[in-house]
Structures are given as structure tokens and as C-alpha cells.
K.L.:
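Here's a structure for you.
Scope of the values below: all heavy atoms of this structure, side chains included, with no hydrogens, waters or symmetry mates. In the text below, chain A, chain B and the rest are named by the order of the sequence lines, each starting its count at 1.
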Protein chains: 2
Amino acid sequence: MDQQFTMTDDILKRNKLSVTDGRKKILGLFLARDGALAHADIEKFTGEMFDRVTVYRTLQTFVEKGIVHLIPTTDNSILYALCKENCEEGHHHDNHVHFICDVCTKTICLDDVTIPKVKLPKGFTPNHSEMMVNGVCSDCK
Amino acid sequence: MDQQFTMTDDILKRNKLSVTDGRKKILGLFLARDGALAHADIEKFTGEMFDRVTVYRTLQTFVEKGIVHLIPTTDNSILYALCKENCEEGHHHDNHVHFICDVCTKTICLDDVTIPKVKLPKGFTPNHSEMMVNGVCSDCK
DNA sequence: ACTAAATTTGCAATAATGTTGCAACTTTTA
DNA sequence: TAAAAGTTGCAACATTATTGCAAATTTAGT
Ligand SMILES: [Mn+2]
Ligand SMILES: [Mn+2]
Ligand SMILES: [Zn+2]
Ligand SMILES: [Zn+2]
């Protein structure tokens, strides 16, 4: 038998996850896309293919495994994007800036833009930072 | 007649808002507190005093008037905090860092810590930035 | 390849959160 | 003090997310 793995199968196996249709499809969406995805986007792309609950559980699993990371937003929506770094189960290392385009509304990981340190007032100890920049992206300029 | 204004009455009048029990009470909560408040916090503090809808509408009005500003969060909750700056109707100017204490879970406006500029990749134009820092606050250290 | 064990999925029910229209009530204006 | 303007509570509705459990799928062992 021919052991040809697809990229999605490969990632799932590396992370000790069962290779299921739902996970393959959803992971594929992330791989095909440069921007972040919301739960609603995924539902739109997958249609009636899977139950909403499965999408929720798949995203949660991916976050736990360090396959995707959560992106904070200014409205109160939840966004997910592929981890490109050394993220592991239960421990993310994404400390890049996120850019939200005001024109196309895409949210993009600026993987090469590291979040700068800031000087905090006396008594405050930093642990982790998040930074989002709004504006116009390179596609929309 | 004795024209003694309370601080809340004063702020409401300056913003051309009717002085009502709900607005006074909710604004009072913000004035008494150094950290941010979520809708749920306000419901907890006001109890059965007002309808949920009134709390929603009051917060929305305060944001519109520039009395409080929204704070983005890493989970998907919505937080509100008093504007201390020159915020006006429909135009906020709060560009300070927000600190979330991992111990007491309070979110605090670091009014004196300005969000640093970052160098974006070619083609990206910034417009507005948000920054959140997690860690241990001065009370919990 | 076949089967048992482990894992994942869909469904139904439930919860939490937020929005809207409208009539009753309160506040402001004059 | 009365009319006008603005605000509130209620009820209904919408959206988003979570849970338990049985059925289905996937994996691991032979
Ligand atoms: Mn990212
Ligand atoms: Mn603030
Ligand atoms: Zn764009
Ligand atoms: Zn603290």
C-alpha cells in the first residue's frame, strides 16, 4: 500500500490526533488561507458538512495542541490562526503583532513583527503581551 | 435652591445626558473603581435594581459619549473603563496599555504607558493600535 | 484483514449573552 | 406645572457556546 500522506494528515498525526474528515477539512482551510478564521467563517466554508459542535470541538483541540492560536479582537469575536512557530501542546509561543485591515477586514499574523516591550509602572511584572494594529493592509493599499 | 451637584450628575450633564438613577449608579461604580468593569460585574453590583437591557444601553451610551472606553480582551469578554483623557462624543483618544493581573484578574488602564509604534512590513499602513500586558499587578506582587 | 478498544461525532437540550419594538414612566424644558 | 423629550422595563427573539450521551468512525492489536 502506498503511504502517501497529505499535509493535513501529517500535521494531525504529528500531534497524535485521529485523522478525521472534519479535522482534515478545517485544517485545510487554515493552510489555504493567509488570514485568520472565525468560527463563523469555518461554518460558511464547510456548510452542512459538519455539526456546529464539531467545529467548536475541533478548534478547541487545535488550540490545545498548539496547531492554531487565538487572536484577541477589538470587537468581541474569537479568531484563530495557524501557528507557524514552535508552539506545543498547552504552550504557545506566538508573540507577534496582529494586523486588522480596515478595508478587507482580514486579520493577518505579522509573524516577523515582534511585540515590543514596554516600561511598566513600579510594582508591575509583565508576563505576556498582545498587540493589534488596525489600518490598511498591503493588498488593499 | 441649593445647587450642589454630585460628581456623577456633573459628568452626565456635561455630556448632555438626562440624570437618571441608573446612569448615576453605574457611573458611580466606575468612579469608585480603579479597574475595568464587565457588564456582568455591573449586574452583580446593581442586583435587581435595573433591567439588563438598561445596563446594556447605559454602557453603550457612555461609550458613544466618550465617558468610558472599550477594552479588548484575550478571552472574548467586553470590558469598560472610565476615560480619563480628552475623549469626546464619537471619538476616543485612549491609546494606553491595558494590564491584566493574572492573580486578581483585574484589568487596569495604564494611563501613562503609551502604546509604542512598531515597524510594519512594506505596504501596511497603521491607523490605531491596542496593547494588553498580562502579569502581576502592584497590589498582588 | 478483522475485531475490540479508544476516540470522535451528531443530536438534543440547555445556557449565556445580546438586540429590538413598544408602551409606561421619568426627566427636562419652558 | 404641563407638554415634550428622553429613558426604562418587559417580552420576544437572535446568536453564540456548552454539555451528556448514544451512534459512528478511527486506531491498535492480532
Ligand atoms: Mn498570529
Ligand atoms: Mn483604558
Ligand atoms: Zn486588506
Ligand atoms: Zn492583581
K.L.:
Check whether any side-chain N or O of K65(A) sits under 3.5 Å from a backbone N or O of N15(A) as a donor-acceptor pair, and report yes or no.
P.N.:
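Yes; at least one donor-acceptor contact below 3.5 Å.
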K.L.:
Quick one: K24(B) NZ to dT8(D) P, roughly how many Å, whole number?
P.N.:
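In whole Å, dT8(D) P lies 12 Å from K24(B) NZ.
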K.L.:
Distance check needed: dT26(C) C1' versus F50(B) CZ, whole Å only.
P.N.:
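Rounding to the nearest Å, CZ of F50(B) and C1' of dT26(C) are 13 Å apart.
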K.L.:
Just the rounded figure in Å: distance from P of dA13(C) to OH of Y56(A).
P.N.:
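It is 19 Å, rounded to the nearest whole Å.
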K.L.:
Under 4.5 Å between side-chain heavy atoms, counting indirect links through other Ile/Leu/Val/Met/Phe/Trp/Tyr residues: same cluster for V103(A) and I108(A) or not?
P.N.:
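No.
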K.L.:
Between atom CG in L59(A) and atom P in dT16(D), what is the gap in whole Å?
P.N.:
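Checked: the CG to P distance equals 14 Å.
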K.L.:
In this structure, how many angstroms lie between the P atom of dT8(C) and the CG atom of D51(A), rounded?
P.N.:
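So the two atoms are 16 Å apart, to the nearest Å.
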K.L.:
Between H69(B) (side chain) and A81(B) (backbone), is there a donor-acceptor pair under 3.5 Å?
P.N.:
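Indeed, once roles are kept as given, a pair shorter than 3.5 Å links the two residues.
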K.L.:
Considering heavy-atom distances to DNA chain C, does L17(A) or D21(B) have its closest nucleotide positioned more toward the 5' end?
P.N.:
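Nearer the 5' end of the strand: L17(A).
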K.L.:
Can you tell me how far C1' of dT19(C) sits from NE2 of H39(B), to the nearest Å?
P.N.:
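In whole Å, dT19(C) C1' and H39(B) NE2 are 12 Å from each other.
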K.L.:
May I ask you to evaluate whether S18(B) reaches the phosphate of dG6(D), defined as a side-chain N or O under 4.0 Å from OP1 or OP2?
P.N.:
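Indeed not, no polar side-chain atom of S18(B) lies that close.
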K.L.:
Name the residue closer to the 5' end of DNA chain C, choosing between V53(A) and V19(B) according to the nucleotide with the nearest heavy atom.
P.N.:
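Nearest-nucleotide comparison on DNA chain C picks V53(A).
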K.L.:
What is the distance, rounded to the nearest whole Å, between atom CD1 of I78(B) and atom C1' of dT15(D)?
P.N.:
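These atoms are roughly 13 Å apart.
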K.L.:
Within a radius of less than 6.0 Å around CG of D75(B), do more than 12 heavy atoms belonging to other residues, nucleotides or ligands occur?
P.N.:
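Enclosed: over 12 neighbouring heavy atoms sit under 6.0 Å from CG of D75(B).
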K.L.:
Between atom CG in L12(A) and atom P in dT26(D), what is the gap in whole Å?
P.N.:
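The answer, rounded to whole Å, is 12 Å.
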K.L.:
Check this one for me: any side-chain N or O of T20(B) less than 4.0 Å away from OP1 or OP2 of dG6(D)?
P.N.:
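For dG6(D), neither OP1 nor OP2 has a side-chain N or O of T20(B) closer than 4.0 Å.
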K.L.:
Would you state whether a donor and an acceptor, one from the side chain of R52(B) and one from the base of dG18(C), lie under 3.5 Å apart?
P.N.:
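By the distance-only test, yes, there is a pair.
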K.L.:
Please compare Q60(A) and T54(B) by the position of their nearest nucleotide in DNA chain D and report the one closer to 5'.
P.N.:
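Looking at DNA chain D, the more 5' nearest nucleotide goes with T54(B).
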K.L.:
Could one point to a donor on the side chain of R57(A) or the base of dG10(C) with an acceptor on the other under 3.5 Å away?
P.N.:
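Under the 3.5 Å cut-off, the side chain and the base do form a donor-acceptor pair.
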K.L.:
Going by the angle between their ring planes, with limits at 30° and 60°, are Y56(A) and H39(A) parallel, tilted or perpendicular?
P.N.:
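Answer is parallel, since the angle falls under 30°.
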